[in-house]
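Quick notes on the structure that follows.
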Amino acid sequence: MSFFEDIDQRERTYALAKTIDEIRIHYGKNSVLRASSRLSYSTARYRNGLMSGHKA
């Protein structure tokens, strides 16, 4: 903790991260992605299906 830290911002960030984690657990890893991951040349969706980013 710090006197210069915004506690409300930290709590909002934590709540958002927790919500995103719950959505991913319920709907799968590819349910929440950055918009740039939807582009045709993006590899994020493909790599999410691999084991640690590698073919298994």
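Counting begins at 1 with the first residue of the sequence.
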Rounded to the nearest 0.5 angstrom, the CG-CD distance for D6 and E11 is 9.0 Å
Out of curiosity, L33 CG to R24 CZ, how far, rounded to the nearest 0.5 Å?
6.5 Å
Could you work out the complete set of other residues in the hydrophobic cluster of I23, with links drawn between I, L, V, M, F, W and Y side chains under 4.5 Å apart?
L16, I20, Y27, V32
